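This report concerns only the one structure given below.
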Amino acid sequence: MLNLTGKNALVTGIANNRSIAWGIAQQLHKAGANLGITYLPDERGKMEKKVAELVEPLNPSLFLPCNVQDEDQIKSTFETIREQWGKLDILIHCLAFASKDDLSGDFSQTSRSGFNTALEISTYSLVQLSGAAKPLMTEGGSIVTLTYLGGVRAIPNYNVMGVAKAGLEMSVRYLAAELGPQNIRVNAISAGPIRTLASSAVGGILDMIHHVEEVAPLRRTVSQLEVGNAAAFLCSDLSSGITGQILYVDAGYEIMGM
Ligand code: NAD
Ligand code: 0WE
């Protein structure tokens, strides 16, 4: 049923074995997709080594550095895809960043540079990567990004990231409208809180997780692999009629009023 054999999938946002992108990569691999993995390079090459070791069992046919703040790295990533693969079917956008200073305290005190950085890395990067992917998705395609309820409701301390996610969700709709005629679908998964590198650095994340465990209809949080399964669905022909949507994978938390 869920079959991604013959599909070329680029997965961004793997930092370690807790990354949501790692859960997605595993499920895409399980469904038979051919993987390309990008990582955020650092000066000492530590990230490259760590991510390379982690993803080795998935036999990625491409493994490339891609800092979305660097136009040249994006260009060469898609140039390599064109040369090595010829076509791209699936793009997973699974990255976000805001300065830690801007993820607590008063939202009104967000600096201009902090605001710009958060929206550049967390929001504009989807537009940028989708624009680069478009000419390579010659047989149609599926683009999936990750969002959070803090883009729709005011969640304490999410602050500038909430504005970034609101922009991301609207970008999904405009991209879906533009790319639909080329049979490229664009959707977002709104995941409930999960302990990852990004979320663990946030004060109070454990309290939020305990709150979800008490209130969500399923009385638990979700796992990276559950998000991965939803992503595999959105990348497969099983979801061929779905585009421009925000799919909540949050154990039902979003429907609750109290
Ligand atoms: P993570 O830290 O594992 O992933 C974030 C990734 O962003 C890392 O791989 C990091 O290298 C990458 N990144 C940061 N700046 C970058 C740049 N300039 N260029 C390229 N890559 C860059 O954390 P995660 O929780 O798996 O986050 C993945 C996505 O899921 C994010 O969009 C996040 O907002 C979203 N999300 C997370 C949760 C949660 O509770 N963890 C919930 C809903 C949505
Ligand atoms: O999108 C996210 C995480 C986003 C994030 C986290 C960090 C921490 C480390 C972006 N940038 C950074 N920068 C850092 O330096 N989530 C949905 C997880 C998350 O983050 C929160 C949350 C939740 C949930 C921040 C405040 C409140 C709740």
Side-chain angles (χ1 to χ4, degrees), residues 10-25 37-42 46-48 50-51 54-55 64-74 77 92-105 107 114 117-126 128-129 144-169 171-172 188-212 221-228 230-231 246-251 253-254:
L10 187 71
V11 179
T12 66
I14 300 178
N16 59 33
N17 64 356
R18 283 191 163 177
S19 295
I20 293 175
W22 171 236
I24 295 173
I37 306 284
T38 69
Y39 60 92
L40 175 60
D42 54 20
K46 276 182 74 179
M47 200 55 135
E48 175 177 4
K50 208 170 78 176
V51 178
L54 178 68
V55 302
L64 305 164
C66 188
N67 180 340
V68 295
Q69 288 188 295
D70 185 334
E71 203 77 53
D72 293 341
Q73 288 183 24
I74 294 179
T77 294
I92 304 294
H93 175 273
C94 197
L95 51 95
F97 180 81
S99 164
K100 220 177 165 221
D101 304 340
D102 293 322
L103 292 173
S104 65
F107 173 62
T117 299
L119 272 91
E120 180 192 348
I121 298 180
S122 313
T123 310
Y124 180 66
S125 62
L126 176 69
Q128 198 180 16
L129 294 179
V144 175
T145 186
L146 264 291
T147 186
Y148 177 59
L149 185 60
V152 179
R153 315 255 178 87
I155 291 181
N157 298 321
Y158 201 60
N159 294 6
V160 72
M161 271 308 305
V163 177
K165 291 304 192 189
L168 183 76
E169 293 184 14
S171 300
V172 165
I189 293 171
S190 186
I194 299 177
R195 276 188 76 176
T196 62
L197 182 65
S199 70
S200 299
V202 169
I205 188 75
L206 275 180
D207 293 336
M208 292 188 55
I209 286 173
H210 289 138
H211 174 70
V212 169
T221 53
V222 295
S223 70
Q224 290 86 338
L225 289 175
E226 288 180 299
V227 174
I246 314 298
L247 178 60
Y248 282 81
V249 180
D250 67 344
Y253 181 81
E254 183 266 346

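Counting starts at 1 for both ligands and their atoms, following the listed order. Predicted, not measured: the structure shown is a model, and the values here were computed from it.
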| Can you list the steps and then say if Ser190 with Ile246 is a side chain to side chain contact (heavy atoms under 4.5 Å, CB included)? | CA-CA 6 Å; Ser190 186; Ile246 314 298; 3.8 Å; yes

Please report which non-hydrogen protein atom sits nearest to [atom], along with the residue it belongs to and the distance in Å to one decimal place.
atom: atom 28 (C) of ligand 2; result: Met208 SD, 3.4 Å
atom: atom 14 (C) of ligand 1; result: Ala96 O, 3.8 Å
atom: atom 8 (C) of ligand 2; result: Ala198 O, 3.0 Å
atom: atom 16 (N) of ligand 2; result: Tyr158 CE1, 3.7 Å
atom: atom 18 (C) of ligand 2; result: Ser199 CB, 3.6 Å
atom: atom 7 (O) of ligand 1; result: Leu95 CB, 3.3 Å
atom: atom 9 (O) of ligand 1; result: Gly13 O, 2.8 Å
atom: atom 4 (C) of ligand 2; result: Met161 CG, 4.2 Å

Hey, which atoms in ligand 2 end up nearer than 4.0 Å to a heavy atom of [X]?
X: Pro156; answer: 27 (C)
X: Ala201; answer: 8 (C), 9 (C)
X: Asn157; answer: 26 (C)

In terms of atom number and element, which parts of ligand 1 are under 4.0 angstrom from non-hydrogen atoms of [X]?
X: Ile14; value: 9 (O)
X: Ala198; value: 2 (O), 23 (O)
X: Cys66; value: 19 (N), 20 (C)
X: Gly192; value: 40 (O), 42 (C)
X: Pro193; value: 40 (O)
X: Leu197; value: 2 (O)

| query | Applying a strict 4.0 Å limit to heavy atoms, is Leu103 in contact with ligand 2? | reply |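 Contact check Leu103 vs ligand 2: positive.
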
| query | Based purely on interatomic distance, does Thr196 place a nitrogen or oxygen under 3.5 Å from a nitrogen or oxygen of ligand 1? | reply |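 Yes, Thr196 has an N/O under 3.5 Å of an N/O on ligand 1.
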
| said: When you compare ligand 1 with Asn67, is there at least one nitrogen or oxygen pair between them that comes in under 3.5 angstrom? | reply: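 Between Asn67 and ligand 1, an N or O pair is found under 3.5 Å apart.
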
| Is Ser125 in contact with ligand 1, taking contact as a heavy-atom separation below 4.0 Å? |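 Flag not set, Ser125 not near ligand 1.
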
| query | Does ligand 1 have any atom that is closer than 4.0 Å to a heavy atom of Lys165? | reply |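 Per 4.0 Å heavy-atom rule, Lys165 contacts ligand 1.
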
Can you find a pair of side-chain heavy atoms, one from [X] and one from [Y], that are under 4.5 Å apart?
X: His93; Y: Leu168; result: yes
X: Thr117; Y: Val160; result: no
X: Leu54; Y: Ile14; result: yes
X: Val51; Y: Val55; result: yes

If hydrogens are left out, which of [options] has an atom nearest to [atom], that is, the closest non-hydrogen atom?
atom: atom 5 (C) of ligand 1; options: Ala15, Cys94, Ser19; result: Cys94
atom: atom 19 (N) of ligand 1; options: Val68, Ile20, Ile194; result: Val68
atom: atom 23 (C) of ligand 2; options: Asp102, Ile205, Val202; result: Ile205
atom: atom 43 (C) of ligand 1; options: Leu146, Thr147, Thr221; result: Thr147

| message | Under the side chain to side chain contact (heavy atoms under 4.5 Å, CB included) test against Val68, which residue among Ile121, Thr12, Thr38, Leu126 passes? | response |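 The single option meeting the side chain to side chain contact (heavy atoms under 4.5 Å, CB included) with Val68 is Ile121.
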
| Where on Leu40 is there a heavy atom closer than 4.0 Å to ligand 1, on the side chain, on the backbone, on both, or on neither? |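 Only the side chain of Leu40 comes within reach of ligand 1.
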
| Counting heavy atoms only, which part of Thr38 comes closer than 4.0 Å to ligand 1: side chain, backbone, both or neither? |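 None of Thr38 does.
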
| query | Of the backbone atoms (N, CA, C, O) and the side-chain heavy atoms from C-beta on, which set of Tyr148 has a member under 4.0 Å from an atom of ligand 2: side chain, backbone, both, or neither? | reply |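 Side chain only; the backbone of Tyr148 stays clear of ligand 2.
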
| query | For Ala98 and ligand 2, does the shortest N/O to N/O distance drop below 3.5 Å? | reply |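 By distance alone, the answer is yes.
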
| Considering all heavy atoms, the nearest Arg18-Arg195 contact |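 That would be CD-O, 3.6 Å.
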
| field | Nearest heavy-atom neighbours spanning Ala96 and Met161 | value |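 Result for this residue pair: CB-CE, 3.8 Å.
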
